[in-house]
Amino acid sequence: MRMHSIVVRCLPAVLLPLLAASSASAQEATNTPAATQPAQGSFYLRTKLQYISVGNDPSPENREIDKVVSTTTLTYGLRRDMSLSLDLPLVYEVEDSAAGTDREFGVNDLSLTFKYRPLQIDLNPVDSVRFAAFGGVEIPSGDGDFSSHSFDPFIGGVFTAILGRHGFNQSVSYKFNTGGDEFNTRAGDGPDDALRYDSAYLFRIDPAEYSADTSAATYLTFEMNGLYETNGDNEILIGPGILYEARSFALEATVGIPIVQDVDERPETDLVVTLGLRILF
Amino acid sequence: MKKFIAVAMLAVFAASWLGGCAGGASAGDSAAVARMDDTPVSGREVVLVVHGMSCPLCANNVNNTLRDVQGVTNVQVDMGTGRTRVTVDEAAGVTHGQLASAVHKSGFTLHRIEAP
């Protein structure tokens with residue numbers, strides 16, 4: 001019942017961005033970056049809706065938190081090999097603690113990312129190998145406990161290879177946290193720096209071969225998303241997913257399940273469920 | 001440990017920037033030449049062989065960027081072969097260079113231009 005009410009309250013935050021014109025990015029798994037960008041002069045809009053459950057809180061409050069995060073990403077193609085993105089995350093959170101149940105709606109910190117792709121080798125009509133470097137800053141929303149109240153720069157790189165029906169993405173990024181609170185409920189947003197390491201494998205289950213009649217493709221995805229914080233906390237989530245991509249839109253769904261949790265300084269992630277929509281106009 | 005990771009990440013970023021400037025030169029030369037080709041399209045159709053369109057959204061990206069070229073009236077992309085059939089208004093004088101530039105802007109690689 002609680003999850004249902006969370007989703008219903010967050011629906012406007014999800015639906016409003018979809019009214020905007022957009023184009024989209026492809027060969028990118030749900031929670032792992034890819035070395036892909038929109039065409040020069042193009043915008044694209046992407047919306048992800050995530051249900052995140054955290055628990056085993058080491059703080060004296062012993063909190064259990066369910067949250068729904070709607071992240072809207074707007075990306076602009078500066079050049080064929082350069083892009084600029086802005087992420088806006090809206091959150092609805094239900095927190096159970098010894099003090100009772102607290103429900104809040106807020107805005108997490110925004111993220112501004114510049115991506116440059118110096119390497120692109122298109123081997124044939126389908127196959128491609130690419131590398132992109134990216135960097136940016138998380139901008140504080142200033143919204144109470146939803147914000148770190150600090151500007152946090154980050155830098156990273158991502159390698160993408162598409163070979164026939166197989167796609168691989170490998171990304172590493174490092175965030176210099178200049179603020180943040182102890183026992184933070186947002187993984188990687190505490191006072192210690194955060195190293196993210198993400199891998200994704202995509203397999204095109206249909207069609208087996210592209211042709212002139214191809215109008216859509218379906219992929220099975222498998223991701224491994226890791227987060228190491230310099231306070232010693234380390235967490236890895238794995239998850240299967242599915243991506244359906246037509247010529248004008250894409251739908252995606254994935255689950256994140258923790259397999260490594262060496263976390264003592266913040267609540268642990270119990271489960272992440274993500275739905276996404278990308279639209280091309 | 002923090003300093004080591006930070007320096008390593010900055011080194012990766014700088015190396016990729018420098019590598020992109022230097023290593024992309026030879027592949028970029030032929031592409032740049034193609035974009036300067038002011039040969040008009042002969043007849044109503046021309047076929048561009050495009051590489052790197054690994055997904056339906058990629059094909060639509062190329063489709064939309066080519067359709068933005070003044071004088072292009074239709075685009076059909078064969079994702080299997082990369083052959084992109086472009087129909088033009090002959091009176092508009094669309095050039096090979098304009099089409100090559102559109103493919104370049106879309107983020108993919110023009111392998112060659114063929115007669116239909």
Side-chain angles (χ1 to χ4, degrees), chain A residues 23-27 36-42 77 79-81 116-128 130-135 154-157 162-163 167 172-174 176 192-193 195 204 209-217 219 230 245-250 278 280-281, chain B residues 1-25 27-28 31 35 48-66 68 76-85 101-111:
Chain A
S23 65
S25 137
Q27 283 294 347
T36 55
Q37 279 139 306
Q40 179 179 335
S42 292
R79 273 181 7 185
R80 57 173 269 136
D81 56 359
Y116 169 56
R117 186 182 62 213
L119 176 71
Q120 178 178 351
I121 304 171
D122 292 331
L123 300 163
N124 57 47
V126 174
D127 297 349
S128 183
R130 304 170 181 198
F131 174 80
F134 57 88
F154 57 87
I155 193 167
I162 302 138
L163 304 169
V172 175
S173 66
Y174 189 86
F176 304 85
D192 300 284
D193 292 353
L195 174 73
R204 190 177 74 236
E209 298 287 340
Y210 286 137
S211 70
D213 299 325
T214 299
S215 60
Y219 305 82
T230 53
E245 185 180 299
R247 292 211 179 193
S248 60
F249 72 93
R278 317 175 198 183
L280 173 69
F281 278 71
Chain B
M1 178 67 174
K2 280 170 64 166
K3 270 190 186 172
F4 172 78
I5 293 172
V7 169
M9 299 300 294
L10 282 167
V12 166
F13 196 96
S16 70
W17 189 282
L18 291 170
C21 295
R35 296 196 298 277
L48 313 177
V49 179
V50 180
H51 283 187
M53 294 186 296
S54 54
C55 61
L57 285 170
C58 305
N60 210 11
N61 230 337
V62 172
N63 187 325
N64 289 347
T65 313
L66 284 167
D68 285 342
Q76 285 182 301
V77 178
D78 181 340
M79 291 183 61
T81 62
R83 293 170 59 84
T84 303
R85 186 175 296 269
S101 293
V103 172
H104 182 77
K105 276 178 62 176
S106 72
F108 299 95
T109 301
L110 176 63
H111 187 61

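Protein chains get the first letters and strands the later ones, always in sequence-line order, with residue 1 at the start of each. Hydrogens, waters and symmetry mates play no part in the numbers below; they use all other heavy atoms, side chains included.
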From B:Cys58 SG over to A:Glu245 CD, what is the distance, rounded to the nearest 0.5 angstrom?
6.5 Å
Between A:Gln120 (side chain) and B:Gly107 (backbone), is there a donor-acceptor pair under 3.5 Å?
yes
What part of A:Ala216 is in contact with chain B, defined as an atom under 4.5 angstrom from a non-hydrogen atom: side chain, backbone, both or neither?
backbone
Chain B interface, residue from A:Gly41, A:Ala212, A:Ser215 that has the most non-hydrogen pairs under 4.5 Å
A:Ala212
Which atoms of A:Arg79 are under 4.5 Å from chain B, going by heavy atoms: the side chain, the backbone, both sets, or neither?
neither
B:Asn64 CG to A:Ser248 OG distance, which is reported to the nearest 0.5 Å:
10.0 Å
Rounded to the nearest 0.5 Å, what separation is found between the CG atom of A:Asn124 and the CE atom of B:Met53?
11.0 Å
Give me the atom names and distance for the closest heavy-atom approach of A:Arg247 to B:Leu57.
O-CD2, 3.5 Å
Best-contacting candidate, A:Val126, A:Thr214, A:Ile162, against chain B by heavy atom pairs under 4.5 angstrom
A:Val126
With sequence neighbours excluded, what pairs up with A:Ser128 under the side chain to side chain donor-acceptor pair (under 3.5 Å) test?
A:Asp122, A:Arg130
Give, as side chain, backbone, both or neither, the part of B:Thr109 having an atom under 4.5 angstrom from any heavy atom of chain A.
both
By a 4.5 Å heavy-atom criterion (distance strictly below it), what part of B:Val50 contacts chain A: side chain, backbone, both, or neither?
backbone
Which atom of A:Ala39 lies closest to which atom of B:Thr65, heavy atoms considered
CB-OG1, 4.1 Å
For A:Pro125 and B:Gly82, work out which heavy atoms get closest and say how close.
CB-N, 3.6 Å
Under 4.5 Å from any heavy atom of chain B, what part of A:Leu123 do you find: side chain, backbone, both or neither?
backbone
With distance as the sole test, does A:Arg80 use its side chain to make a donor-acceptor pair with the main-chain N or O of B:His104 at under 3.5 Å?
yes
Would you mind reporting whether B:Pro56 and A:Tyr210 have side-chain heavy atoms less than 4.5 Å apart?
yes
